[in-house]
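Chain identifiers are assigned alphabetically (A, B, ...) following the order of the sequence lines, protein sequences preceding nucleic acid strands; residue numbering begins at 1 within each chain.
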Amino acid sequence: MQGQNTTIVIADDHPLFRGALRQAVASVMPQARVIEASGLDELNATLGQERDLDLILLDLTMPGVQGFSALLSLRAQHPELPVVIVSATEEPTVIRRAMEFGASGFIPKSIDVDSIGGAISAVLAGDTWTPPDVDLSAAEDKETADLVRRLATLTPQQVRVLTMLSEGLLNKQIAYELNVSEATVKAHVSAILDKLGVDSRTQAVIAASKIGVTQRPSPAGAD
DNA sequence: TACTATCCTCTTTAACCGTT
DNA sequence: AACGGTTAAAGAGGATAGTA
């Protein structure tokens, strides 16, 4: 059924773990074609070139990736393409949030290769997969859940603008970065404020950082 | 099946207003 | 004047429904 026409992208900056993932894929589907990307740029290049991709294994912490922003824009730009998050963390909050942002699965790096293979085949079969020993039922407060839902409605361009907003850029600077007029940026900002249900860009930035869509620069080394 | 009409979303821009 | 924000409008592109 599945195997020979299946193409899977592994996006992770650690070569060792890319190897482990590749091995896990091979154990489940020896025929599958695997494309590796070591960063966001390579991933985007792959997405631009390749047509019939079946699955992306996405590391949550890669160069060029801020929080969930990569997942968010992937979901926005390629709604049909299943994304499985691969991460070192096993925090239920992070896992739940990833799933709410549209991930098809969440694989902690600590689990064994067999389980990873099982997770991958489950997702390819159309199911979702999260670590069985992690309790996801713990309810998040309503406001946060609501905010997550709102964030998920942002368009790719709006996600880009929000990311730059979080970096403290002015409308004029964002316009320069995106090669559009300042009026365009203002319109995007307005749309973002509307969708997030806030009144100002600062509130939008605070909301985004609260959820973890964009990470604020942390004072101490945080990794 | 193929073609067309239509609707909707996304993106872009200009004009305008309020605040500092 | 500079900056942030709102609104109306228009073009591109995709999805959908109806028709021949």
Side-chain angles (χ1 to χ4, degrees), chain A residues 5-9 11 35 37 39-56 58 60 62 64-85 97-104 123-128 143-217:
Chain A
N5 291 336
T6 305
T7 304
I8 294 177
V9 180
I35 302 174
L40 198 58
D41 290 342
E42 277 187 37
L43 177 58
N44 285 329
T46 301
L47 289 173
Q49 289 165 7
E50 299 289 334
R51 276 293 152 260
D52 300 314
L53 299 175
D54 296 284
L55 179 67
I56 293 185
L58 177 69
L60 215 44
M62 273 197 310
V65 176
Q66 290 194 326
F68 288 105
S69 60
L71 172 61
L72 220 57
S73 44
L74 268 179
R75 293 302 302 157
Q77 274 167 302
H78 308 277
E80 298 308 317
L81 184 54
V83 178
V84 171
I85 296 298
R97 215 160 266 170
M99 300 307 285
E100 280 171 354
F101 279 135
S104 297
V123 170
L124 282 175
D127 292 329
T128 60
E143 285 185 28
T144 308
D146 187 52
L147 195 53
V148 167
R149 227 172 293 120
R150 289 167 181 266
L151 276 164
T153 69
L154 294 182
T155 68
Q157 191 76 318
Q158 288 164 2
V159 172
R160 275 175 227 125
V161 171
L162 178 58
T163 305
M164 297 185 189
L165 238 40
S166 303
E167 293 166 5
L169 299 189
L170 303 174
N171 287 339
K172 197 180 293 185
Q173 296 174 303
I174 297 173
Y176 177 80
E177 294 286 337
L178 295 179
N179 282 313
V180 297
S181 77
E182 190 178 352
T184 304
V185 176
K186 289 179 181 181
H188 282 312
V189 172
S190 282
I192 291 169
L193 301 187
D194 185 46
K195 286 185 175 179
L196 298 191
V198 298
D199 295 322
S200 73
R201 62 208 285 118
T202 34
Q203 288 177 24
V205 169
I206 291 169
S209 70
K210 201 185 297 176
I211 300 302
V213 170
T214 61
Q215 286 167 346
R216 327 183 82 174

Nearest whole Å is fine: how far is [N] [atom2] from [X] [atom1]?
X: A/Leu165; N: C/dG5; atom1: CG; atom2: P; result: 8 Å
X: A/Leu178; N: B/dT13; atom1: CG; atom2: C1'; result: 15 Å
X: A/Leu154; N: B/dC10; atom1: CG; atom2: P; result: 10 Å
X: A/Ile174; N: C/dA2; atom1: CD1; atom2: C1'; result: 16 Å
X: A/Ile192; N: B/dC10; atom1: CD1; atom2: P; result: 13 Å
X: A/Gln157; N: C/dA12; atom1: CD; atom2: P; result: 18 Å
X: A/Arg201; N: B/dT19; atom1: CZ; atom2: P; result: 18 Å
X: A/Glu182; N: C/dG5; atom1: CD; atom2: C1'; result: 11 Å

* **Partner residues of A/Asp146 under the salt bridge (charged side-chain N to carboxylate O under 4.0 Å, His left out) criterion, sequence neighbours left out** =>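 Scan of A/Asp146 (salt bridge (charged side-chain N to carboxylate O under 4.0 Å, His left out), adjacent residues dropped) gives A/Arg149, A/Arg150.
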
* **Option passing side-chain contact (heavy atoms from CB on, under 4.5 Å) with A/Arg201 (candidates A/Leu165, A/Val161, A/Leu162)** => A/Leu165

* With a 3.5 Å cut-off and no angle check, do the side chains of A/Ser181 and A/Thr184 form a donor-acceptor pair? -> yes

Pairs under 3.5 angstrom, nitrogen or oxygen only, protein versus nucleotides 6-11 of chain C, please.
| from | atom 1 | to | atom 2 | distance (Å) |
| --- | --- | --- | --- | --- |
| C/dT6 | OP2 | A/Ser190 | OG | 2.6 |

* Does a nitrogen or oxygen in the side chain of A/Ser181 sit under 4.0 Å from OP1 or OP2 of B/dT12? ->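 No, outside the criterion.
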
* Just to confirm, is there a sub-4.0 Å distance from OP1 or OP2 of C/dC3 to any side-chain nitrogen or oxygen of A/Asn171? -> no

* Search all heavy atoms of A/Val189 against all heavy atoms of A/Asn171 and return the closest pair with its distance. => CG2-OD1, 3.9 Å

* A/Leu196 and A/Leu147: which non-hydrogen atoms are nearest, and at how many Å? ->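 In this case the closest contact between A/Leu196 and A/Leu147 is O-CD1, 4.2 Å.
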
* Which stems does DNA chain C form, counting runs of 3 or more consecutive Watson-Crick or G-U wobble pairs with both distances under 3.5 Å? ->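 Stems for DNA chain C, defined as runs of 3 or more consecutive pairs: B:1-20 with C:1-20.
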
